[in-house]
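Worksheet: the structure to be examined is printed underneath.
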Amino acid sequence: MSNNIEQRTISALVQDKPGVLARIAGLFRRRGFNIASLTVGRSEQKGLSRMTFVVEGPQEVVCKVSAQLDKLIDIVEVQDITESNIVWRELALIKVNADSVSRSKVLEIANIFRVNIVDIGVESLTMEISGGKQKINSLIELLKQFGIKEILRTGRIATLRGTLIEGEDDGIFQSEQDNDNNFIIPTESGSV
Amino acid sequence: MKEKKLGSQIVCEALINEDVNVVFGIPGGAILPLYGVLSQYEDLKHILVRHEQGAAHAADGYSRSTGKVGVAFATSGPGATNLITGLATAMMDSVPMVAITGQVGRAAIGSDAFQETDITGATLPVTKHNYLVMKADDIGEIIHEAFYIARTGRPGPVLIDIPRDVFTELGNYDPKKQLFIPGYNVPKNADDNEVEFASKLINKANKPVILAGHGVIISKAWDELRLIAEKAQIPVVTTLLGISSFPENHILSTGWPGMHGMAYASLALDQADLIINFGSRFDDRIVGDVSRFAKRSKKIHVDIDPAEINKSVQVDVSLIGNIKDVITQLLPLVEKTTHTSWINHIDKLKSDHPSLEIPKSDRILGQYVVKKLSDTTKGNAIICSGVGQHQMWAAQHYTFTNPNSWLSSGGLGTMGYEVPSAIGAQVGNPGKLVWSICGDGGFQMTLMELATIAENNLPIKYAILNNNHLGMITQWQGLFYNQDYQAETYTGNPDFVKLAEAYGIKGIRVSKKDNVENAIIEANKHNGPVLVDFVIEKVDDVYPMIPAGQSVNELIEGPNNV
Ligand SMILES: Cc1ncc(C[n+]2csc(CCOP(=O)(O)OP(=O)(O)O)c2C)c(N)n1
Ligand SMILES: [Mg+2]
């Protein structure tokens, strides 16, 4: 068995009922896995929600946990989509120091990354970025020089691509079949 | 629309519609409204136990021995938490069961109210599914769903938590409402192509072995198992929980393998070129060191639970489905053969490694008691056991000839299972002879249920293999902890005969070997409960033994090979 800890992306269609999250989290907790990110929202089907979670663990073990997840009565469908052809996105809000001296430099970076500025104060501004992990991590790296006050990340949402051709929809940074752990930003981990 | 009913009435009616006629339980504040309507339902017999763990194990014993869904009632808080060991036991061994617990009133939930426990939270990992019912209208549907989930697919326990004021609320109940559980599929037949592929492997094999697990018993596939084994002349090794899925007096019966199984069974698996696993989860007590388990063989795994495939042992073909249906699919494709030289080889393994020889002794050995029990009852009793040495001796030395006649906590290894599980078995099988083979340790974990037995005059026979020790602990400390014996001797055991008599139960003490058989015969004749206290050799190890995590190469056949 390989002990290589990887990030795996799992997508699940679940009943929109109380307790579902606890059931799922329990199966990961039991094995001592960390849930790196988790998103939940109502799906296109009535009464069902879609969850995307990123867990950290050896692939084989995550596979076994997925099989156990599939047995949960409230889970309608579950898939480890890490190796699949997927599009995935994450949203982050980054509040960065931006006084009269640095503001123009910060805005220049924001421009290159095509991010929205959602709030401006005297000393700081808040930008909204969506994209893959690399893109967001790169932005964070660049902004560090100005002093980051706060980072909020939603965690990953992912879906299988409709065609086999990878789109260029990741902006300047190509679509990321993200397995790279180059940037592990501590704030990313919201353990459940 | 029909007239509305009380939530508690809906519970009873839904249970009756699920063909429940007996429940095991203890009342308490939160579940009193349910007890308040019980007298209206004569078809629903309530057996008052002395501890909720007993209710759960009794429901479990009832389920295992009848194939029906056992039911337990408990109140909120401590009543519900007392069920947990029983639920976990049932979960590990895939036993269908429904537990109904009272909960504090809806408005009080989450407020640390008196006797409030988040029991749906606490039982998440030990139930197949659980429910908190928030309105009386939902009760009927949830109960029917719970029973369906408990008994179908890979069975398991389901808990339904009902707040006090939901019992007393008026609600609608439509017994005919169709169930809709989108996330829940019950496999039946396996994929035809896979079945064909598997049959080819079987037809090609020279040294096939069937490993028959609990799944065979759960799906009542003992006839099909016998047909396929006989048609292709394949030796059958069962698992500990697969015991009684195949008659042990059959010429193809090859024992059970693993930690305390017969050496020839472990060797047969090791030397096989094909293992056909029907409904066993390749438990670690069988497999030991996965990297060295049955290396010479291809493996076919038939299981209703896809999550079991490749969970521990990697297999070549997996057939997902109900064992009974899958064997029926396989039967016509499997060719009639003899496997003469392989069968001869197995016979030689059996004679070279007898495994079950009882050491000579003037004193009473546990093995000897079980052997006498087996002979006297002609293998026809339902046997329950606790956990420890007596359990292993029971499994080794009783010759099971009837399907589904062995009840033991295999997965969780729950001491104390021996007393209440027999209650469930006897209640579910009136008129049948039920013997429970007990440890003096395990017996004391649940002996309060003697009162339940006396009250209901259940003619259960208890055989305590009394070694005044936590014998299995003594064995492990002797073998693996340099004989540093700690906390394994009982110096304050009660006089079990007097204890039985205190409950109004017939007690017999046997301290001489010559009296063993007569005591068993006497107990069999007595038409009421009997407790026989067999004073057995204090220290006596169970063999064969494969130490945990090892392989057949490390098998210790007997005390002289240690
Ligand atoms: C509830 C529980 N506690 C502890 C254990 C660990 N354990 C396994 S076997 C054993 C000794 C059992 O003693 P006894 O019931 O007298 O049976 P014996 O081995 O002596 O036949 C113990 C303590 C267990 N299996 N279950
Ligand atoms: Mg003992």
Side-chain angles (χ1 to χ4, degrees), chain A residues 1-3 8 10-33 35 38 40 42-53 55 57-80 83 192, chain B residues 88 91 94 106 109-110 118-134 138 142 145-150 152-161 179-187 281-282 289-291 301 303-314 318 320:
Chain A
M1 183 188 289
S2 81
N3 285 318
R8 311 285 307 173
I10 293 174
S11 167
L13 195 60
V14 308
Q15 299 248 24
D16 192 6
K17 282 185 183 166
V20 177
L21 182 58
R23 290 177 202 279
I24 293 173
L27 287 178
F28 287 107
R29 178 186 45 75
R30 175 180 180 186
R31 303 226 186 206
F33 282 11
I35 298 181
L38 171 75
V40 197
R42 299 259 150 85
S43 77
E44 70 289 352
Q45 295 173 57
K46 190 168 172 269
L48 299 181
S49 291
R50 189 160 320 263
M51 284 187 182
T52 310
F53 36 97
V55 293
Q59 178 191 344
E60 281 171 65
V61 188
V62 174
C63 231
K64 288 177 187 174
V65 179
S66 297
Q68 300 290 344
L69 284 175
D70 216 2
K71 280 164 60 172
L72 293 177
I73 312 293
D74 290 338
I75 290 205
V76 179
E77 207 180 275
V78 63
Q79 243 183 319
D80 181 335
E83 257 96 58
V192 174
Chain B
M91 183 71 175
S94 313
R106 282 169 287 189
I109 289 178
D118 170 13
I119 199 64
T120 46
T123 59
L124 274 184
V126 295
T127 50
K128 183 172 174 187
H129 196 51
N130 63 22
Y131 300 87
L132 171 62
V133 188
M134 290 305 264
D138 293 343
I142 285 178
E145 194 174 293
F147 272 80
Y148 179 72
I149 287 170
T152 55
R154 178 176 183 170
V158 178
L159 180 136
I160 307 172
D161 196 29
L179 296 179
F180 176 63
I181 321 171
Y184 185 64
N185 305 313
V186 178
R281 59 190 169 85
F282 283 122
D289 180 354
V290 183
S291 70
H301 191 171
D303 207 297
I304 201 159
D305 179 0
E308 286 302 336
I309 306 302
N310 297 331
K311 189 182 82 177
S312 64
V313 172
Q314 296 291 315
S318 59
I320 306 300

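We name chains A, B, ... by the order of the sequence lines, and we start the count at 1 in each one.
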His129(B) and Asp74(A), any side-chain heavy atoms less than 4.5 Å apart: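 When only atoms from C-beta onward are counted, His129(B) and Asp74(A) do touch, with a gap below 4.5 Å.
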State the CG-CZ distance between Leu124(B) and Arg30(A), to the nearest 0.5 angstrom. 12.0 Å
How many angstroms lie between atom NZ of Lys128(B) and atom NZ of Lys71(A), to the nearest 0.5 angstrom?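 One finds 8.5 Å between NZ of Lys128(B) and NZ of Lys71(A).
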Chain B contact via [X] - which portion, at a heavy-atom distance below 4.5 Å:
| X | value |
| --- | --- |
| Leu13(A) | neither |
| Gln15(A) | side chain |
| Ile73(A) | both |

How far apart are the C-alpha atoms of Arg23(A) and Thr120(B), what are their side-chain angles, what is the distance that settles it, and do they pass the side chain to side chain contact (heavy atoms under 4.5 Å, CB included) test? CA-CA 10 Å; Arg23(A) 290 177 202 279; Thr120(B) 46; 6.0 Å; no
Please say whether more than 12 non-hydrogen atoms of neighbouring residues, nucleotides or ligands are located less than 6.0 Å from CZ in Arg42(A). no
For Asp118(B), check salt bridge (charged side-chain N to carboxylate O under 4.0 Å, His left out) against everything at least two apart and list the hits.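 Scan of Asp118(B) (salt bridge (charged side-chain N to carboxylate O under 4.0 Å, His left out), adjacent residues dropped) gives none.
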Given that the side chain runs from C-beta out, which part of Pro306(B) has a heavy atom under 4.5 Å from chain A: side chain, backbone, both or neither? neither
The side-chain hydrogen bond (donor to acceptor under 3.5 Å, both in side chains) partners of Arg154(B) (sequence neighbours excluded) come to Ser94(B), Asp305(B), Glu308(B)
